[in-house]
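This report refers to the structure that appears directly beneath it.
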Amino acid sequence: MATAETSVVVPITDNGFKPPRPTPSGATIAIFGASGDLTARKLMPSLYDLWADGYLDDTAPIIGVARRPKTDESFRQEIYEAVNGHVRAGQISPEQWAKFSQRLYYHEIDISTEDGYAALKQRFEELEQNLPYKGKRVIYMATDPALFRPAVEYLSNVGIVPSRNGEEWLRVVFEKPFGHDLKSARELSRHLKKFLREEQIFRIDHYLGKDTVQNIMLFRFGNSIFEPLLNRNHVDHVQITVAESLGMERGRGGFYDKSGALRDVLQNHVLQLLGLIAMEPPSQFTAEDLHTEKLKVLRSLAPGHPSDIAKWVVPGQYTAGLIDGKPANGYHQEDRIPPDSRTDTYVAMKVFVDNWRWAGVPFFLRTGKRLPTRVTEIAIQFKLPPLNLFSTVECEGDICDLVGARPNTLVFRIQPSESISLSFSTKRPGMQYQIHPVTMDFRYDEAFTQKLPEAYERLLLDVLRGDSTLFMRSDEVDAAWKFVTPVLNYWNNNHVTPQPYTSGSWGPAGADQLVWTAGHNWRTPNAG
Ligand code: BG6
């Protein structure tokens with residue numbers, strides 16, 4: 001029994017803890033759109049890392065599917081160049097690469113016509129001969145979203161979609177964007193459901209694969225001290241920021257100009273973060289219960305009145321400026337951007353979650369390109385104490401003020417410098433009761449020796465395991481589009497021009513106004 005002298009000390013670091021060797025998962029993995037950026041930058045490095053960590057079977061075939069002519073050998077070489085040095089494992093030895101790459105193949109087809117699909121089926125069957133997971137397949141749609149509909153139809157026509165009751169299975173992963181607005185998302189869902197069941201459809205939002213995002217649930221529901229405070233009685237307001245300093249690099253302009261910040265990041269990543277921070281505890285930690293709780297939040301989103309959209313949503317577009325001291329183009333000067341484009345590269349909004357827990361608490365959301373730094377965080381600001389008993393003199397130059405307690409703020413830093421911190425007031429040493437703000441910090445890199453996995457690693461593994469917890473259910477996607485579509489329509493119908501902001505600044509003046517009129521200020525997160 002533990003006594004005062006022998007009390008158990010729980011280490012605050014993981015002391016080099018190594019998880020047990022996992023049981024490897026396997027299936028035939030086909031990546032449609034294998035010549036694209038996502039395959040090289042994210043999917044292949046993640047598959048390599050999964051394999052290197054023992055999560056992916058040694059023999060599981062990985063087939064790149066695309067239109068350009070390539071051989072298996074040239075595809076392997078291309079993937080080596082993409083993966084070597086980009087992976088968590090660092091430089092890959094020739095032996096490791098030989099072991100990994102022997103199951104990489106390339107299959108050339110035009111995904112947009114049915115002609116090549118029968119040959120693809122044959123290729124699957126040839127490669128799967130003598131493998132333990134014959135007919136167990138994952139198809140990753142890393143293509144132009146316009147191809148989602150025909151591709152699924154053709155897969156079904158040639159019999160690649162197995163029947164419900166057999167041993168074989170097929171899971172299809174869809175990269176975002178899943179639809180362009182409410183109507184197109186619904187049409188896409190309706191079409192896919194003619195050929196696939198919901199449990200076969202994996203709609204990716206890679207933010208859900210980030211370890212720090214998953215930790216929001218563990219922090220909230222695996223501890224008892226904070227959860228009772230997360231409601232309208234104690235919380236003053238919440239700020240969610242997804243900021244990027246990047247602009248239209250890697251030729252993204254063509255795609256981005258048709259999308260914009262509201263569609264590209266707010267509709268999915270920001271609303272998913274909002275769902276996780278605002279949802280009720282699920283009764284069990286299962287995919288269905290979690291989806292349902294998040295869905296309730298998305299359905300409770302109460303924006304301002306539709307006729308008043310300009311009062312609660314502010315679109316912005318960057319102009320030339322400085323990023324890290326270096327000159328950066330304005331949006332209109334970027335490659336593949338029409339000089340009169342009205343696309344939003346920034347959006348800020350004030351919304352309420354109209355339910356019992358959160359009624360009356362404003363949630364301020366913002367995301368944008370060419371902001372001063374890349375940072376994603378959720379900051380929950382609590383109410384001030386009811387009486388101002390303590391204060392201190394604070395001076396800026398010659399001007400001094402009596403300052404009271406600052407509000408406690410709980411900050412989930414999703415990236416970079418991943419951490420959770422809580423700010424509170426303490427007494428400054430001395431003979432007077434002078435108040436001083438400090439923080440209590442938990443930093444991942446100090447507490448754990450293990451590196452955080454890439455979001456795509458976790459998500460690919462979940463697909464192999466058939467776990468859809470970290471993917472979006474169709475009704476969640478629907479609810480998110482239902483919320484943002486009136487804003488898109490309003491901008492479109494009224495030819496709204498986004499407010500300019502200088503590259504390297506924190507966004508347009510109207511976004512400041514949005515929080516000031518509610519009596520607040522945006523936080524200024526640093527790169528950490
Ligand atoms: C993608 C968006 O979904 O998320 C990009 O399409 C954005 O425009 C990216 O840059 C941000 O992801 P991360 O993981 O770098 O924060």
Side-chain angles (χ1 to χ4, degrees), residues 33 36-43 45-46 49 86 88 140-145 173-180 185 202-216 240-274 276 315-318 323 328 331 334-337 341 343-347 365-378 412-418 444 451-460 470-472 477 480-481 484 503 525 527-528:
D37 192 45
L38 185 77
T39 307
R41 276 191 318 114
K42 297 288 182 190
L43 303 181
S46 297
D49 284 335
H86 274 77
R88 286 194 283 113
Y140 198 113
M141 294 285 178
T143 60
D144 176 346
V173 187
F174 295 92
E175 249 311 316
K176 63 177 269 283
F178 197 86
H180 196 65
F202 288 72
R203 299 171 195 82
I204 278 224
D205 181 319
H206 79 278
Y207 262 59
L208 296 176
K210 292 181 192 273
D211 233 60
T212 44
V213 171
Q214 292 156 42
N215 197 28
I216 296 171
I240 303 183
T241 302
V242 176
E244 293 180 88
S245 54
L246 284 179
M248 296 298 112
E249 288 82 353
R250 298 193 308 267
R252 285 201 86 220
F255 158 78
Y256 191 85
D257 197 57
K258 293 193 208 92
S259 168
L262 180 57
R263 283 191 172 96
D264 185 43
V265 173
L266 195 135
Q267 183 271 348
N268 37 76
H269 307 327
V270 176
L271 291 187
Q272 287 294 321
L273 293 178
L274 170 61
L276 291 173
Q317 191 183 72
Y318 62 82
I323 294 280
Y331 184 66
E334 299 276 31
D335 192 21
R336 303 187 209 185
I337 303 299
S341 167
T343 298
D344 51 311
T345 61
Y346 174 100
V347 61
L365 318 177
R366 63 176 165 170
T367 180
K369 302 271 185 203
R370 286 272 186 253
L371 300 182
T373 190
R374 174 176 181 253
V375 61
T376 297
E377 64 163 43
I378 304 173
F412 293 84
R413 176 61 87 99
I414 307 297
Q415 63 188 20
S417 312
E418 294 79 2
Y444 281 76
K451 290 237 170 68
L452 289 163
E454 245 293 329
Y456 280 93
E457 260 176 76
R458 169 64 198 249
L459 295 172
L460 284 163
L470 301 177
F471 293 79
M472 293 183 292
V477 176
W481 278 122
V484 304
S503 288

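Atoms within a ligand are numbered from 1 in the order they appear, just like the ligands themselves.
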Numbering as shown, the atoms of ligand 1 that approach [X] to under 4.0 Å (heavy-atom distance):
| X | value |
| --- | --- |
| Asp264 | 2 (C), 5 (C), 6 (O), 8 (O) |
| His269 | 1 (C), 3 (O), 4 (O) |
| Lys176 | 1 (C), 2 (C), 3 (O), 6 (O) |
| Lys369 | 5 (C), 7 (C), 8 (O), 10 (O) |

**Q.** Side chain Gln272, main chain Asp205, donor-acceptor under 3.5 Å
**A.**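 No, the answer is negative, given that no donor and acceptor are paired below the 3.5 Å cut-off.
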Q. With distance as the sole test, does Glu334 use its side chain to make a donor-acceptor pair with the main-chain N or O of Tyr331 at under 3.5 Å?
A.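 Looks like no, no N/O pair under 3.5 Å.
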Q.
Heavy atoms only: which of Gln415, Lys210, Arg252 lies closest to atom 14 (O) of ligand 1?
A.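 Closest candidate by heavy-atom distance is Lys210.
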Q: Would you indicate which of Arg374, Glu175, Glu244 comes nearest to atom 15 (O) of ligand 1 when only heavy atoms are counted?
A: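 Answer by nearest heavy atom: Arg374.
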**Q.** Residue-ligand contact Thr376/ligand 1, heavy atom below 4.0 Å
**A.**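 No.
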Q: Check Tyr207 against ligand 1 and report side chain, backbone, both or neither, counting heavy atoms closer than 4.0 Å.
A: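 Within the 4.0 Å criterion, Tyr207 contacts ligand 1 through side-chain atoms alone.
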For [Y], is there an ion pair with [X] - N to carboxylate O distance below 4.0 angstrom?
| X | Y | answer |
| --- | --- | --- |
| Glu418 | Arg413 | no |
| Arg263 | Asp344 | no |
| Arg336 | Glu249 | no |

**Q.** Nearest protein heavy atom with distance in Å, relative to atom 12 (O) of ligand 1
**A.**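 The closest one turns out to be His206 NE2, 3.1 Å.
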**Q.** Stacked cation flag Lys210 on Tyr207, 6.0 angstrom / 45 deg
**A.**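 Output yes; distance and angle both within limits.
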Q: Kindly write out the residues that satisfy salt bridge (Lys or Arg N to Asp or Glu O under 4.0 Å) with Arg458, not counting sequence neighbours, or none if the list is empty.
A: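 Asp462.
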